[in-house]
Number of protein chains: 2
Amino acid sequence: MSENEGIATPPTNITQTIERLDQMQDELPKRLKQCASFTRRHLHLVAVSTVSDMAKASGVAPSVYIRFCQAIGFSGYSEMQGLFRVQYTSFRPDYEQRLAQVRPDVAQGSGQLLGEFAEAGHKSLLSLGNSVANEGLNSVASGLAQARILHLLGMRRAFAVVSNMSYLLGKMDVPALLHTDVGHLDSPPLMTPDDALFAVTFAPFSEDVIQQAREAAERGVPVYGLSDSEKCPLFEFAREELIVHEHEVAGFRALNASITLTTALSVLVGSQRRES
Amino acid sequence: MSENEGIATPPTNITQTIERLDQMQDELPKRLKQCASFTRRHLHLVAVSTVSDMAKASGVAPSVYIRFCQAIGFSGYSEMQGLFRVQYTSFRPDYEQRLAQVRPDVAQGSGQLLGEFAEAGHKSLLSLGNSVANEGLNSVASGLAQARILHLLGMRRAFAVVSNMSYLLGKMDVPALLHTDVGHLDSPPLMTPDDALFAVTFAPFSEDVIQQAREAAERGVPVYGLSDSEKCPLFEFAREELIVHEHEVAGFRALNASITLTTALSVLVGSQRRES
DNA sequence: CCGAAAATGGAATGAAAATTCCATATGGGA
DNA sequence: TCCCATATGGAATTTTCATTCCATTTTCGG
């Protein structure tokens with residue numbers, strides 16, 4: 001028995017975990033600080049790695065990494081890993097119970113709801129780090145950077161995404177055209193094979209967007225896509241496609257992963273163009 | 001040479017795995033087909049689940065699930081899981097070395113840049129939870145919910161924010177009007193004191209937005225604001241104002257906190273209106 | 001309806017991982 | 001400089017997991 005200086009209560013969600021990580025950063029001994037630092041920047045690895053993996057990557061011994069988990073407030077690595085795995089496994093009986101605690105759902109308190117969306121945002125950003133799609137980010141960026149004019153297409157929920165891109169690209173002097181009104185797009189001279197089209201659509205997919213993109217592709221315009229599902233029809237004709245997954249709260253999704261990905265993409269396009 | 005009914009070579013990537021799954025679907029015995037069917041629909045679970053998890057979820061015994069993995073061509077579950085984990089990690093032993101270098105510099109590698117934005121996103125969401133402004137979220141929501149028509153105003157970086165709100169509110173049958181073109185706004189009959197204006201502007205503040213909002217306020221229209229600074233001129237005449245802080249990467253800001261806050265706000269407005 | 005071949009599930013085994021323990025190293029204060 | 005408290009890493013232990021084995025059941029051809 002002794003003074004457990006550590007906090008007794010384990011974090012119950014990702015948000016709390018990150019907070020505690022940041023907050024303890026300063027008061028930890030050297031090796032544990034290494035763990036905190038690495039983990040903070042590679043949260044998405046926890047769900048799919050073993051202690052020795054994380055320890056090695058942090059540059060410490062496995063036992064040290066476990067001590068780190070305990071310093072954070074968990075009973076050990078397994079408990080911490082469990083927290084990060086829940087987001088992938090919400091349907092399983094064992095996990096459903098935990099999930100129920102984390103998510104006393106629906107729009108009651110406002111702070112409550114905001115917290116839920118923030119948590120969902122964290123998760124979305126985590127799976128963004130995990131996504132296979134990211135590997136293609138560079139090649140999509142160079143594809144878009146070569147375009148004479150970059151056409152942006154997206155409706156409903158996706159419209160915010162492309163309008164944000166439009167703003168960023170404009171700020172970096174990349175010639176980009178945001179197609180706000182479907183219909184005036186298909187005037188033939190507007191898009192040429194020298195251009196590129198970046199189309200965004202989430203399930204259930206917008207017929208208009210698909211249609212416009214398909215016609216562009218048939219006309220020889222390189223089409224790149226962003227979606228939240230592999231079943232997206234854009235896949236049929238797009239050069240490359242990025243995929244993001246947004247977690248939802250009470251049936252609503254924010255745009256954290258999408259906006260973050262496309263912001264990074266826009267900056268990449270901007271910097272690649274500047275180099276040439 | 002010999003007659004192993006199973007295919008000798010294991011799939012080397014996810015695509016191959018899926019193909020083989022689909023292709024074998026018909027020629028498998030009942031229980032194994034169950035495994036194939038469930039796994040096909042929940043591929044993402046493999047990386048973070050144990051055999052017994054997958055077996056239970058598929059409705060079979062663990063040993064059966066392993067036999068299923070072998071039928072696909074893997075040596076066992078571990079090998080199959082390894083394939084799925086690699087997709088998530090891109091995990092290299094020499095990680096911590098790179099890490100030290102990468103941290104300070106900016107827009108070089110693409111995955112790195114995305115990681116930086118994800119990191120900034122986490123921070124933004126954290127400060128969102130901490131911010132004082134959020135306490136006012138409920139009262140802003142009820143203010144907006146009482147409006148006959150909810151006018152949305154935002155330009156540049158803020159435009160994506162209000163257009164997202166416009167979509168969400170529309171989806172919930174809240175009468176909202178997105179002002180895309182400044183200038184046609186100030187036709188007097190368009191906004192009345194029965195309405196409300198939600199204006200978004202980030203530093204450096206858009207003159208147009210401030211001006212429009214001020215005129216609306218002088219005409220008796222309740223104005224609510226969202227900004228990233230307390231120095232925002234909207235403060236001078238807005239009923240209430242929300243504040244978010246977005247972390248930046250290489251001079252660029254994503255919209256994680258803003259989008260998350262306004263998404264929550266929109267849902268609140270929608271649910272409050274439904275109650276009356 | 002019978003028998004052989006295949007399929008299935010539970011128990012036994014072996015491997016790997018998480019966690020604890022302990023001897024050694026390190027750093028800060030007297 | 002010495003001493004004590006704390007930190008650290010490797011070895012030992014325990015737990016969990018993957019895999020194999022085998023008895024039982026099911027299926028299908030005759």
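Not measured: the values here are computed from a predicted model.
When each of Gln81(A) and Arg67(A) is assigned the nucleotide of DNA chain C bearing its nearest heavy atom, the one mapping closer to the 5' terminus is Gln81(A). Two residues, Glu79(B) and Lys30(B), neighbour DNA chain D, and the one matched to the more 5' nucleotide by heavy-atom proximity is Glu79(B).
If you measure from atom CD1 of Ile66(B) to atom P of dT8(C), you get 15 Å, rounded to the nearest angstrom. Distance Met54(B) CE to dT19(D) P: 14 Å, rounded to the nearest Å. Protein atom CG of Leu32(A) is 15 Å distant from nucleotide atom P of dG27(C), rounded to whole Å. Atom CZ of Arg31(A) is separated from atom P of dG27(C) by 11 Å (rounded to the nearest Å). Remark: P of dT20(D) and CZ of Phe68(B) are 16 Å apart, rounded to the nearest angstrom. Phe74(A) has its CZ atom 15 Å from the P atom of dT20(C), to the nearest Å. If you measure from atom OH of Tyr77(B) to atom P of dA16(C), you get 17 Å, rounded to the nearest angstrom. Atom-to-atom, CE of Met80(B) to P of dT19(D) comes out at 11 Å; the value is rounded to the nearest Å.
Counting any heavy atom pair closer than 4.0 Å across all strands shown, Ser78(B) reaches sugar-phosphate atoms only and no base atom.
Surrounding CD of Glu230(A) are at most 12 heavy atoms belonging to other residues, nucleotides or ligands under 6.0 Å away.
Among dA17(C), dA7(D), dG9(D), the nucleotide with an atom closest to any side-chain atom of Pro29(A) is dA7(D). The listed nucleotides are dT19(D), dG9(D), dA17(C); the one nearest the side chain of Pro62(B) is dT19(D). Of the listed nucleotides (dG9(C), dT19(D), dG9(D)), dG9(C) has the atom at the smallest distance from the side chain of Val64(B).
In this model, the phosphate group of dT19(D) is not approached by any side-chain N or O of Gln70(B) to a distance below 4.0 Å at OP1 or OP2.
Look at Arg85(B) and Asp53(A) and you find no salt bridge, because none of the NZ, NE, NH1 or NH2 atoms lies under 4.0 Å from a carboxylate O.
Remark: the Gln23(A) side chain and the Arg20(A) side chain contain no N/O donor-acceptor pair separated by less than 3.5 Å.
Side chain of Gln70(B) to backbone of Ser75(B): a donor-acceptor contact under 3.5 angstrom is found.
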Between Thr50(A) and Tyr77(A), does a side-chain hydrogen bond (donor to acceptor under 3.5 Å, both in side chains) hold up when you go through it step by step?
-> CA-CA 9 Å; Thr50(A) 67; Tyr77(A) 182 70; over 6 Å; no
